[in-house]
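Data block below; observations after.
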Amino acid sequence: MIPLPDEEEPAIDRCHRIDATTRDANPSDNADPHPPCAPERCRDTAPPPPHSDPSALILAGIRQAAQAYFHQARGSHDWDHTLRVLRLCRHIARTEGADPLVTEAAAYLHDIGRADQDRAGGRLCHAETGAALARDILKGYPLTEACRENIIHCIAAHRFRRGVAPQTLEARVLFDADKLDAIGAVGVARAFLFAGELGARLHSPEVDVTRAAAYSIDDTGYREYVVKLSKIRERILTPTGRRLADARHRFMTHFFDRFLEEYEGER
């Protein structure tokens, strides 16, 4: 961990935002213990001098801790993927008004459990594993409990298939950023990169891709598109994310239509 300058800084007070759509009908039973905060409550009105911003120091330490988990990562989920997700998080968070400390910390940490999932052949969830690892990492930083729990929730919810749903704005931002990196031109490239890592074929036209086993020779880039990537646009949660997803989805659909035509010798 990178030490904070001079005296120990107080815990950074960030807010745990729960969307109103996730609450029950009775608002008194669901009072938010950490209501959304105005910027002046979260940070000084004047920016700190260079190199003394505690948020920047915290993020630098988290980045260093996270990167250590990617030394032998597969290319489809390597540190470059993390940095692309980080840039998308910054883009979406800036437009949607999400907390940058929470979203950036979660972006750095969101895939630190991925290597464990790959080694297990997909039999464990990297989001759950990553959230547990992140909890230990975050203990070393002066964050409020609400901020720490929000970061951990973002990581646990970023996969969201049958498990934890993103309930804070920051969790939705990370979810969208991670999913956007799986579609469009980058998504196509990653789909075939992942298939290559598995030793899968370029295409298995005689196989029903909806029945092909994951992590098998028939887990092709096209299977990834049909089973997962083609459905991502409809799951995006933020307005900014949806605008980005529309363009990426159109490109990806056109690519795979052309891929099948070329594969069959039609073009």
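All values below were derived from every heavy atom in this structure, side-chain atoms included, with hydrogens, water molecules and symmetry-related copies excluded.
- For the residue pair Cys89 and Val173, the shortest heavy atom distance occurs at O-CG1, 3.8 Å.
- Between His158 and Phe175, the distance from one ring center to the other does not fall under 6.0 angstrom.
- Distance check: Met252 CE to Asp257 CG gives 10.5 Å after rounding to the nearest 0.5 Å.
- Going from atom CZ of Phe251 over to atom CD1 of Ile183 covers 12.0 Å, rounded to the nearest 0.5 Å.
- Of all non-hydrogen atoms in Leu101 and Leu143, the two that sit nearest each other are CD2-CD2, 4.0 Å.
- In this structure the side chain of Asp111 reaches within 4.5 angstrom of the side chain of Phe70, judged on heavy atoms.
- Considering only heavy atoms from C-beta on, Thr95 comes within 4.5 Å of Arg243 through its side chain.
- Looking at heavy atoms from C-beta onward, Tyr69 lies in side-chain contact with Ile137 at the 4.5 angstrom threshold.
- Although no hydrogens or angles enter the test, the distance criterion places no donor-acceptor pair under 3.5 Å between the side chain of Tyr108 and the main chain of Gln67.
- Checked for salt-bridge contact, Glu261 and Arg258 miss the test: no charged N lies under 4.0 Å from a carboxylate O.
- Remark: Arg135 engages Glu149 in a salt bridge, criterion side-chain N to carboxylate O under 4.0 Å.
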Q) How far apart are the C-alpha atoms of His81 and Asp178, what are their side-chain angles, what is the distance that settles it, and do they pass the side-chain contact (heavy atoms from CB on, under 4.5 Å) test? A) CA-CA 9 Å; His81 162 67; Asp178 186 55; 3.1 Å; yes

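- Here the NE2-OG1 distance, from His203 to Thr220, works out to 7.0 Å after rounding to the nearest 0.5 Å.
- Residues Thr103 and Leu174 fail the side-chain proximity criterion, which asks for heavy atoms closer than 4.5 Å.
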(Q) With side-chain contact (heavy atoms from CB on, under 4.5 Å) as the criterion, how do Leu198 and Ser216 come out once you've worked through the C-alpha distance, each side chain's angles and the decisive distance to 0.1 Å? (A) CA-CA 7 Å; Leu198 300 177; Ser216 72; over 6 Å; no

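- Between Phe256 and Tyr222, the ring-plane angle classifies as tilted under the 30° and 60° cut-offs.
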Q: Begin with the C-alpha distance, continue with both residues' side-chain angles, and end with the deciding distance and a verdict on side-chain hydrogen bond (donor to acceptor under 3.5 Å, both in side chains) for Thr210 and Asp208.
A: CA-CA 5 Å; Thr210 63; Asp208 178 355; 2.6 Å; yes

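- Contact between Ser204 and Ile217 at its shortest, heavy atoms only, is OG-O, 4.4 Å.
- Leu202 and Val207 are not part of a single hydrophobic cluster, where members link through side-chain heavy atoms under 4.5 Å apart.
- With a 4.5 Å cut-off on side-chain heavy atoms, Pro142 and Ile58 count as touching.
- Put simply, CZ on Arg159 and NE2 on His110 are 12.0 Å apart, with the number rounded to the nearest 0.5 Å.
- In this structure, CD in Glu197 is found 11.0 Å from CG in Asp219, a value given to the nearest 0.5 Å.
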(Q) ring-ring contact (aromatic ring centres under 6.0 Å, His included), that's the test. Do Phe259 and Phe192 meet it? Break it down for me. (A) CA-CA 12 Å; Phe259 171 79; Phe192 284 100; 5.6 Å; yes

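- Arg223 and Asp218 are not joined by a salt bridge, as no carboxylate oxygen comes within less than 4.0 angstrom of a charged side-chain nitrogen.
- Of all non-hydrogen atoms in Cys154 and Val102, the two that sit nearest each other are SG-CG1, 4.0 Å.
- Looking only at distances, no side-chain donor or acceptor of Asp246 sits under 3.5 Å from a matching main-chain atom of His249.
- The distance from atom CD1 of Ile152 to atom CG of Leu109, rounded to the nearest 0.5 Å, is 9.5 Å.
- With respect to Glu234 and Arg242, no salt bridge is recorded, no charged nitrogen being found less than 4.0 Å from a carboxylate O.
- Inter-residue side-chain proximity for Arg90 and Pro100 is flagged as unmet; no heavy-atom pair is nearer than 4.5 Å.
- Val85 and Ile112 fall into different hydrophobic clusters, where Ile, Leu, Val, Met, Phe, Trp and Tyr side chains are chained together by heavy-atom contacts under 4.5 Å.
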Q: Go through the steps for Leu133 and Thr129 under the test side-chain contact (heavy atoms from CB on, under 4.5 Å), then give the verdict.
A: CA-CA 6 Å; Leu133 293 169; Thr129 302; 4.1 Å; yes

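- Residues Pro166 and Leu237 share a closest heavy-atom pair of CG-CD1, 3.8 Å.
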Q | Full working for side-chain contact (heavy atoms from CB on, under 4.5 Å) between Asp181 and Arg190 | A | CA-CA 9 Å; Asp181 197 55; Arg190 289 182 66 208; 3.2 Å; yes

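- When hydrophobic clusters are built by joining Ile, Leu, Val, Met, Phe, Trp and Tyr residues whose side-chain heavy atoms come closer than 4.5 Å, directly or via intermediates, Val188 is grouped together with Val209.
- Summarising the geometry of Leu229 relative to Gly187, their closest heavy-atom pair is CD1-O, 4.1 Å, with the distance given to 0.1 Å.
- Taking 4.5 Å as the limit, some side-chain heavy atom of Tyr215 sits within range of a side-chain heavy atom of Phe194.
- Inter-residue side-chain proximity for Ile92 and Leu180 is flagged as met; some heavy-atom pair is nearer than 4.5 Å.
- Between Lys179 and Asp176 there is no salt bridge, since none of the side-chain N atoms of the basic residue sits less than 4.0 Å from a carboxylate O of the acidic one.
- Both Trp79 and Ile155 sit in one connected hydrophobic cluster of ILVMFWY residues. Membership requires side-chain heavy atoms under 4.5 Å apart, directly or through other members.
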